[in-house]
Amino acid sequence: MLAVVASRPVSVQENSPIDLTGTWRWLPYEDERDRTPGAYPGDYRGLPLNDAARMRADTYDEEVNATSQLLQCRPRGPQYQAKGLDPMRIDQVVDPASRQLVALRIVFEKTPGERMVWLDGRPRPSQYALRSWDGFSTGRFIGDTLEITTTHLKESYVRRNGVPASFRATVIEHVSLQEPFLEWTFTVIDPDYLTEPLVRSATYVRAPTLQLPLYPCQPEEYQPGERYRVPHYLPGENPYLTESAVKYRMPQEGARGGAETTYPEWRATGAKLAPPKEQYQYKPEYTDESTRVAERADAEPARTPSYDRIDTLHVAGNVYLIAGAGANIAVSAGGDGVLMVDSGVAAASERVLAAIRQIVQTLRPPEPPEATSPYSNTWLVTHAPVEPAIRFIINTSGNADHVGGNPNIRKSPMFRLLGYRDPSLSLQVLAHEAVRARLAESRATEALAPTDTYASDRYTLYRFFNGQAVQLFHAPRAVTDGDTMVWFRRADVIVAGDVYNSDIYPPIDVDRGGSIDGVIDALNRLFDLSVTEFMAQGGTMIVPGHGWIGDAADVGLYRDMLIVIRDRVQKMIEQGMTLAQVKAAKPTMDYDPMYGRQRGVTARFVEAVYRSLVEKKKS
Amino acid sequence: MSMRRASAAFVAAALLAAAPVAAHHSFGGTYNVDRQITLKGTIVQLTLRSPHSFVYIEAPDEKGTPQRWTIEGASAQQFAQQGFDKDAFKVGDPVEIVGNPSRSPNSTRARLIKITRTTDGKTWGSRAGEVVN
């Protein structure tokens with residue numbers, strides 16, 4: 001006789017009412033031409049892009065994916081991934097203590113790791129946090145649909161022909177289950193390059209026996225020396241911009257995309273336009289609002305900067321970032337005390353000192369000391385409050401927002417030098433000799449100036465500090481003639497100074513020895529010193545002069561941008577254009593939404609590029 | 001810069017119908033998939049890996065000067081599934097390669113369509129399913 005077992009009601013995960021776990025295979029139903037053989041140059045159909053995005057894509061040469069070791073293994077971000085035909089697996093991450101669902105872990109074949117979709121309501125990271133190709137994702141269920149919101153993305157693309165996705169983009173995904181299918185809708189909201197949200201979708205089908213293959217992507221320099229080459233077209237010179245219109249027999253106006261062309265009403269307009277019979281040299285004109293980002297920034301009233309909000313982030317090893325105090329400040333904190341790289345502005349010094357105190361007092365020995373001492377087992381010894389001891393400062397340049405805090409820090413009781421009792425004999429502030437010379441030239445107060453200088457190509461600190469070598473690299477004729485990059489060898493953190501800034505053009509000062517070629521050379525060196533963990537992200541951490549923590553990929557993309565702009569201005573100079581004409585031609589227009597949103601930045605940058613190239617031509 | 005094209009015979013070719021296997025970047029964006037070139041040379045390096053594999057050959061240009069060509073193929077995994085493993089072709093093999101040329105006029109790159117070892121006629125690319133995409 002069979003016993004009937006009365007089942008108890010099974011509780012449903014509050015934050016995950018449906019089970020999305022399993023392996024899934026992509027179905028090639030939609031936008032097939034985007035995959036095979038791949039998007040053609042100039043094909044912007046269905047994309048609500050602005051003129052800045054068009055110019056980026058019009059000047060893009062796909063060969064850059066071969067020359068750039070960074071781009072060879074760049075994974076697809078969520079701006080494109082669901083069009084990427086990769087098989088995919090979704091797992092649950094469960095808190096072992098509560099057995100509550102914490103996150104969904106999504107692994108695509110060609111992604112560098114595991115994309116976490118946090119379901120536990122955790123906050124988003126700081127604006128100064130590292131960005132990744134997958135970004136930072138949180139999720140929630142709306143009925144039976146999972147909604148994923150992703151920020152902290154690196155610059156990427158929405159189509160594989162150079163249509164960009166900015167690092168300011170947010171991606172909203174909606175995932176719903178219609179067994180055995182998974183419908184994946186993804187919406188890209190990009191304030192820099194799209195005029196409307198870009199909504200696309202993809203379908204996956206359950207594939208329970210599918211094993212996700214390994215993807216050991218190995219970048220390589222295919223032809224010697226080409227890692228410094230960035231193929232691109234000068235504006236108006238891409239010969240392929242009408243190819244897709246001819247191939248697909250559509251009007252060129254449709255191929256150019258734009259929000260209006262994505263609505264059914266545009267069919268009537270498109271029907272009146274004839275497709276080109278053969279390819280021709282298309283000369284684009286850019287006129288919309290996105291072409292005036294820099295002008296709008298310049299028209300903003302000048303604002304007094306506020307230093308009320310100071311953010312402190314762990315970077316790697318014993319290196320921390322203090323952001324919001326003018327230029328970024330990197331801090332090595334440990335048993336030897338504190339080494340500061342740059343000091344921010346004077347007005348923020350009190351907050352900077354408070355942040356350093358917080359960092360130092362949060363440090364705890366990770367494990368008992370290796371050497372036995374009479375006190376090693378005493379809790380009070382290992383947990384006693386530590387009074388910070390700032391040993392010295394390294395300045396990456398003489399710019400005011402990098403050295404402004406020097407006098408206040410040096411006057412602070414926390415500034416306790418290594419070495420001699422006579423402070424004048426101890427290392428206090430170290431910078432390149434050119435920084436001292438420029439500050440003297442500008443009659444800056446002596447308290448701002450370095451007490452110690454170096455004049456060589458590289459300089460290694462006389463001793464390990466906090467258990468690691470500290471190396472300085474001079475970047476000649478970069479933003480100024482005295483720029484230094486500081487490498488913490490064990491933590492593998494490089495403090496770049498102003499040669500790299502996350503979201504503004506470099507503040508090149510030609511009058512103080514700066515040049516565009518010098519900045520590019522410095523970025524090449526920075527890129528060569530760096531290693532990535534896997535698939536073009538992570539590994540060496542880069543602290544920029546301003547902005548968020550970066551890695552070699554961010555530096556590489558920034559370098560590529562500068563090379564493209566340098567080549568455009570160079571061409572204009574060869575054509576005999578004056579500085580006023582170059583500025584009017586807007587050679588940075590397509591990058592201004594990303595790097596030109598601060599008042600005065602773009603005009604200063606274009607002028608510096610122009611002047612440094614003209615001076616190079618004369619010499 | 002002078003044209004560095006090897007002695008390549010350009011022939012008209014129809015677009016290859018290709019199954020949608022994984023491709024990392026856009027082949028249609030990188031190469032002119034409407035055109036084909038034929039190169040005769042010697043393999044000087046062979047790299048089977050992800051995201052794409054590469055056959056490097058040295059082939060004489062129209063002046064007889066050797067040029068190094070970079071021929072891009074599928075990932076190691078896709079190649080292996082199609083019988084193109086590390087033992088299929090070797091450095092030093094004399095080969096004839098049919099490929100799509102780069103869109104950049106001075107580039108010595110091509111996308112692999114077919115490779116034939118001229119000493120024994122061993123071929124990859126001529127049978128169904130042997131595609132690079």
Side-chain angles (χ1 to χ4, degrees), chain A residues 26-28 32-43 57 60-68 71-76 84-87 108-110 157 159-163 213-224 226 229 231-233 238-240 243-244 246-247 279 535, chain B residues 1 4 13-35 44-58 67-78 80-81 100-111 113 131-133:
Chain A
W26 186 79
L27 292 175
E32 178 58 14
R33 287 194 191 280
D34 200 37
R35 297 300 322 166
T36 308
Y40 291 113
D43 179 6
Y60 172 81
D61 184 342
E62 183 80 22
E63 193 181 13
V64 74
N65 274 304
T67 59
S68 166
L71 298 180
Q72 287 171 30
C73 288
R74 172 178 57 170
R76 300 163 183 132
L85 62 71
D86 288 357
F108 286 89
E109 179 193 349
K110 294 188 186 66
Y157 56 89
R159 184 167 287 168
R160 294 188 307 163
N161 56 4
V163 181
L214 267 180
Y215 191 66
C217 193
Q218 174 65 54
E220 194 169 321
E221 191 167 14
Y222 299 135
Q223 294 184 355
E226 72 176 6
R229 193 164 74 83
H232 63 95
Y233 293 102
N238 187 338
Y240 301 113
E243 182 176 330
S244 64
V246 172
K247 277 197 161 82
Q279 293 185 45
M535 289 189 77
Chain B
M1 187 176 176
R4 291 187 298 149
L15 268 171
L16 288 175
V21 293
H24 198 67
H25 62 73
S26 167
F27 278 120
T30 313
Y31 301 103
N32 192 333
V33 295
D34 297 338
R35 299 174 73 189
V44 292
Q45 189 184 343
L46 197 58
T47 311
L48 298 179
R49 62 170 188 81
S50 295
H52 295 151
S53 301
F54 288 85
V55 180
Y56 299 89
I57 67 164
E58 226 169 59
Q67 296 289 344
R68 181 184 169 97
W69 279 76
T70 305
I71 314 296
E72 186 167 9
S75 72
Q77 185 192 18
Q78 292 157 26
Q81 288 165 355
N100 297 129
S102 166
R103 286 177 179 271
S104 302
N106 294 319
S107 174
T108 50
R109 294 177 193 278
R111 171 203 186 192
I113 294 174
V131 293
V132 173
N133 191 29

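Order of the sequence lines fixes the chain letters, A, B, ..., with proteins taken first and strands second; residue numbering starts at 1 for each chain. The basis for the numbers below is simple: all heavy atoms, side chains too, and nothing from hydrogens, waters or symmetry mates.
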Requested in this report: Check ring pair (Phe, Tyr, Trp, His ring centres under 6.0 Å) between A/Tyr233 and all other residues, then give those that pass, not counting sequence neighbours.
Outcome: none
Query raised in the report: side-chain hydrogen bond (donor to acceptor under 3.5 Å, both in side chains) with A/Glu226: which residues, sequence neighbours excluded?
Result: B/Arg109
Query - Candidate pair A/Lys247 and B/Asp34, rule side chain to side chain contact (heavy atoms under 4.5 Å, CB included), full reasoning - result: CA-CA 11 Å; A/Lys247 277 197 161 82; B/Asp34 297 338; 2.7 Å; yes
Query raised in the report: Checking A/Glu243 against chain B: side chain, backbone, both or neither under 4.5 Å from a heavy atom?
Result: side chain
Query raised in the report: If you look at every heavy atom in B/Pro51 and A/Tyr215, which pair is closest and at what distance?
Result: CB-OH, 2.8 Å
Query - Minimum heavy-atom distance between A/Tyr40 and B/Arg103, given as atom pair plus value - result: CD2-NH2, 3.6 Å
Query raised in the report: Which bit of A/Asp61 is near chain B, if near means a heavy-atom gap under 4.5 Å: side chain, backbone, both or neither?
Result: side chain
Requested in this report: To the nearest 0.5 angstrom, please state how far the CD atom of A/Glu62 sits from the OG atom of B/Ser104.
Outcome: 10.5 Å
Query raised in the report: Between B/Glu72 and chain A, which part of the residue has a heavy atom less than 4.5 Å away: side chain, backbone, both or neither?
Result: neither
**Report entry** Residue among B/Arg49, B/Arg68, B/Gln77 with most heavy-atom pairs under 4.5 Å to chain A
**Finding:** B/Arg49
Query raised in the report: So which part of B/Tyr56 gets closer than 4.5 Å to some heavy atom of chain A, the side chain, the backbone, both or neither?
Result: side chain
